[in-house]
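Before any comments, here is the structure.
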Amino acid sequence: MKNRNIHKMVQCAILIAMSTVLSMLIIYELPLGGSVTVLSMLPVCLAGLLHGPKWGFGTAFIYSVIQLMLSKCFAWGLTPTVLVVCILFDYLVAFTLLGITGFFAGKGRVGMCVGIAAALVLRMVCHYITGVTIWESSMPETWNNVWAYSLAYNGTYMLPEMVFTMIGTVILSSVPQLWRMLKLDEKA
């Protein structure tokens with residue numbers, strides 16, 4: 001049992017490293033934050049899908065701290081209150097919610113896609129909340145509805161991220177040998 005937990009811990013650390021590197025491979029980036037990356041959510045979501053919610057949330061929380069450290073939010077000159085809300089909802093809570101995929105472990109390909117969709121929708125909700133509360137002043141003058149603007153802005157990068165992550169999961173899970181190797185089957 002102890003070796004199995006060490007194996008899971010090492011695997012989750014590798015998945016965090018993979019997500020971090022993939023988050024730097026940007027397809028496109030929006031001017032006020034947010035980007036579409038090359039499957040950066042997939043490895044973190046895999047931790048939950050492979051090992052359940054405890055490992056999923058733990059892995060996702062560590063990833064959220066790394067994303068916060070790599071962010072530029074401390075250089076934006078935000079007020080202390082806005083900075084705290086940004087840290088919580090744009091980073092710590094938003095990325096930790098990726099661990100919800102753990103509740104869909106062992107639910108098959110459809111369950112994996114539902115879990116990833118749920119995780120990324122919840123992440124988008126966090127960004128949406130900060131969009132309508134603290135980033136309202138950044139809204140272009142051509143928009144007159146902060147609710148619609150936040151939805152459109154965050155949807156432009158979160159929806160492609162969700163689609164790419166789900167496609168990556170379907171492709172990865174369709175290779176049974178690879179999935180068994182990742183799952184750490186008892187027989188292996």
**OP:** Report yes or no: do M41 and V38 belong to one cluster of Ile/Leu/Val/Met/Phe/Trp/Tyr joined by side chain heavy-atom distances under 4.5 Å?
**Re:** yes
**OP:** Spell out, as yes or no, whether a donor-acceptor pair under 3.5 Å connects the side chain of S71 to the backbone of L68.
**Re:** yes
Original post:
For Q67 and S23, which heavy atoms make the closest approach, and how far apart are they?
Top reply: NE2-OG, 3.3 Å
Original post:
Do L46 and L172 touch side chain to side chain, with heavy atoms closer than 4.5 Å?
Top reply: yes
Original post:
Atom CG in L120, atom NE2 in H127: separation rounded to 0.5 Å?
Top reply: 8.5 Å
**OP:** Under the side chain to side chain contact (heavy atoms under 4.5 Å, CB included) rule, collect the residues that match up with A152, sequence neighbours excluded.
**Re:** W143
Subject >> Straight-line distance of L92 CG to F61 CZ, nearest 0.5 Å >> reply: 5.5 Å
**OP:** Please identify each residue that fulfils side chain to side chain donor-acceptor pair (under 3.5 Å) with T169, with sequence neighbours left out.
**Re:** none
Subject >> Nearest heavy-atom neighbours spanning A119 and L97 >> reply: CB-O, 3.8 Å
Original post:
L70 and M24: which non-hydrogen atoms are nearest, and at how many Å?
Top reply: CD1-CE, 3.7 Å
Subject >> T20 (side chain) donor-acceptor with I16 (main chain) under 3.5 angstrom >> reply: yes
**OP:** Using side chain to side chain donor-acceptor pair (under 3.5 Å) as the criterion, list what pairs up with T165, not counting sequence neighbours.
**Re:** none
Subject >> Minimum heavy-atom distance A117-M166, with the two atoms named >> reply: CB-SD, 4.1 Å
**OP:** Check for a donor-acceptor pair, side chain of S64 on one end and backbone N or O of T96 on the other, with a separation under 3.5 Å.
**Re:** no
**OP:** Please check if V21 and I62 belong to a single hydrophobic cluster, counting links between Ile, Leu, Val, Met, Phe, Trp and Tyr side chain heavy atoms closer than 4.5 Å.
**Re:** no
**OP:** Of all the heavy-atom pairs spanning A47 and C12, show the shortest one and how long it is.
**Re:** CB-SG, 4.0 Å
Original post:
Of the options L98, V93, I100, which is the one that meets L122 in a side chain to side chain contact (heavy atoms under 4.5 Å, CB included)?
Top reply: I100
Original post:
Between NZ of K54 and OG1 of T59, what distance do you get to the nearest 0.5 Å?
Top reply: 11.0 Å
Subject >> Stepwise side chain to side chain contact (heavy atoms under 4.5 Å, CB included) check, Y128 with W147 >> reply: CA-CA 8 Å; Y128 178 76; W147 302 94; 3.1 Å; yes
Original post:
Looking at W55 and N5, what are the two nearest heavy atoms and their distance?
Top reply: CH2-O, 3.6 Å
Subject >> All side chain to side chain donor-acceptor pair (under 3.5 Å) counterparts of S40, not counting sequence neighbours >> reply: T37
**OP:** Taking side chain to side chain donor-acceptor pair (under 3.5 Å) as the test, write out the residues that go with Y149, two or more places apart.
**Re:** none
Subject >> Any donor-acceptor pair under 3.5 Å from S19 side chain to V44 backbone >> reply: yes
Original post:
Going only through I, L, V, M, F, W and Y residues with side-chain contacts under 4.5 Å, is there a path from I27 to M158?
Top reply: yes
Original post:
Do Y157 and I26 belong together in a cluster built from hydrophobic side chains that touch within less than 4.5 Å?
Top reply: no
Original post:
Rounded to the nearest 0.5 Å, what separation is found between the CD1 atom of I129 and the CD1 atom of I134?
Top reply: 11.0 Å
**OP:** Could you pull out all residues at least two apart from F95 that satisfy ring pair (Phe, Tyr, Trp, His ring centres under 6.0 Å)?
**Re:** Y63
Subject >> Shared hydrophobic cluster for V114 and V170 (ILVMFWY, side-chain gaps under 4.5 Å) >> reply: no
**OP:** Enter the distance from I116:CD1 to L49:CG here, rounded to the nearest 0.5 Å.
**Re:** 5.5 Å
**OP:** Start with the C-alpha distance between F89 and T133, add both sets of side-chain angles, then the distance that settles side chain to side chain contact (heavy atoms under 4.5 Å, CB included), and finish with yes or no.
**Re:** CA-CA 11 Å; F89 286 99; T133 56; over 6 Å; no
Subject >> CZ on R123 to CG on D90, rounded to 0.5 Å >> reply: 9.0 Å
Original post:
Tell me, do L159 and M162 make a side-chain contact under 4.5 Å, heavy atoms counted?
Top reply: yes
